Amino acid sequence: MIAFVTGPVAALAPTLAVIEVGGVGMAVQCTPNTIAGLRMGEQARLATSLVVREDSLTLYGFADDDERQVFELLQTASGVGPRLAQAMLGVHSPDALRTAVSTGDEKALTAVPGIGKKGAQKLLLDLKDKLGAPLGSSGLVGPQRAAASGPAPWTEQLAAALIGLGYASREAEEAVSAVTPQAEAAIAAGGSAPVPQLLRAALQSLNRAR
């Protein structure tokens, strides 16, 4: 198993980072939140989990070991593969997922693309007692967590991800403004701002503007 990779960032995409390790470019699948913390040419260390299939070897990368551990634990639930586990971590932090499971918060899980009400109920049963208690001082999820940590933290995450992909600050700000109604609609519906979907929408708006 490849536990982590360390090296300069050679390339970035919305959900992919290429880390140069010993002259070899390692393609690592990451959430937009993780991508947002990387910069082209700078040193990076990503905790990783190697998923082996008959026809593929896929390396998933995380900002820290805790994210990787939760990623692997999520896959012990029936019907959860690496892509869905990564999507869950793209929407919620590890502690937010622990809180959602421990409190039976279906709404937090249905905020993840691909998880409906019945799927959320099943996940809550499957993951009970597996993720453990939140490690931080606050396990708030969704809009509650956003309110507790300041105004619209998703805007900073999204802008940082776009700048990390090479866009200018002005372009990033315009793209964030373009997708703000989509984010506000998701929050008003009782969910949280879906950063992965917002990043894709922001990139589409930038491509149309060019």
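Quick caveat, the model's predicted, so the values are computed rather than measured.
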Backbone N or O of V176 within a donor-acceptor pair of the T180 side chain at under 3.5 Å? yes
For the pair S56 (side chain) and R53 (backbone), establish whether a donor and an acceptor sit closer than 3.5 Å, ignoring hydrogens and angles. no
Any pair with a residue in residues 108-119 that passes salt bridge (Lys or Arg N to Asp or Glu O under 4.0 Å), sequence neighbours left out, goes on the list, sorted by first then second residue, please. E106-K117
I115: which residues meet the side-chain contact (heavy atoms from CB on, under 4.5 Å) condition with it, sequence neighbours left out? L84, M88, L109, V112, A120, L123
When rounded to the nearest 0.5 angstrom, what is the spacing between OG1 in T155 and CG in L198? 10.5 Å
Would you check if S205 and R200 make a side-chain contact, meaning some heavy-atom pair closer than 4.5 Å? no
Return the minimal non-hydrogen interatomic distance between V9 and A44, and the atom names on each side. CG2-CB, 3.8 Å
Extract all donor-acceptor atom pairs below 3.5 Å that involve side chains of residues 14-32 and protein atoms in other chains or at least two apart in sequence.
from : atom 1 : to  : atom 2 : distance (Å)
T31  : OG1    : T34 : N      : 3.3
T31  : OG1    : T34 : OG1    : 3.2

Does the side-chain contact (heavy atoms from CB on, under 4.5 Å) test come out yes or no for L127 and L73, once each step is laid out? CA-CA 8 Å; L127 294 172; L73 287 172; 5.8 Å; no
Salt bridge (charged side-chain N to carboxylate O under 4.0 Å, His left out) against D126, all qualifying residues, sequence neighbours excluded: K122
Any salt bridge (Lys or Arg N to Asp or Glu O under 4.0 Å) involving residues 173-192? Give me the pairs, sequence neighbours left out, ordered by first then second residue. R170-E174
Can you see which heavy atom on A111 is nearest to which on H92, and at what distance? CB-NE2, 4.3 Å
Scanning both residues in full, the closest heavy-atom pair of P181 with A178 reads CD-O, 3.7 Å
Which residue pairs pass the salt bridge (Lys or Arg N to Asp or Glu O under 4.0 Å) test with at least one member in residues 68-89, sequence neighbours excluded? D65-R68
Could you tell me if the side chain of D105 sits less than 4.5 Å from the side chain of T99, heavy atoms only? no
Taking side chain to side chain donor-acceptor pair (under 3.5 Å) as the definition, give me every residue that meets it alongside T76, ordered by chain and number, with sequence neighbours left out. K130
Sequence neighbours excluded, the answer for side-chain contact (heavy atoms from CB on, under 4.5 Å) partners of D66 is D64, Q69, V70, P94, R98, L135
Side-chain heavy atoms nearer than 4.5 Å, only ILVMFWY residues, links allowed to pass through others: does that put L74 and L125 together? no
Quick one, E42 and P8 - any side-chain contact, counting heavy atoms below 4.5 Å? no
Roughly how far, to the nearest 0.5 Å, is OG of S49 from CD of E67? 12.5 Å
Going by ring-ring contact (aromatic ring centres under 6.0 Å, His included), name the pairs with one or both residues in residues 172-197, residues two or more places apart or in two chains. none
Could you report the tightest heavy-atom contact between I35 and L12, atom names first, then the distance? CD1-CD2, 4.2 Å
Set of residues satisfying ring-ring contact (aromatic ring centres under 6.0 Å, His included) with respect to Y60, sequence neighbours excluded: F71
T6: partners by side-chain contact (heavy atoms from CB on, under 4.5 Å), with sequence neighbours left out: F4, Q43, R45
Backbone N or O of V51 within a donor-acceptor pair of the T58 side chain at under 3.5 Å? no
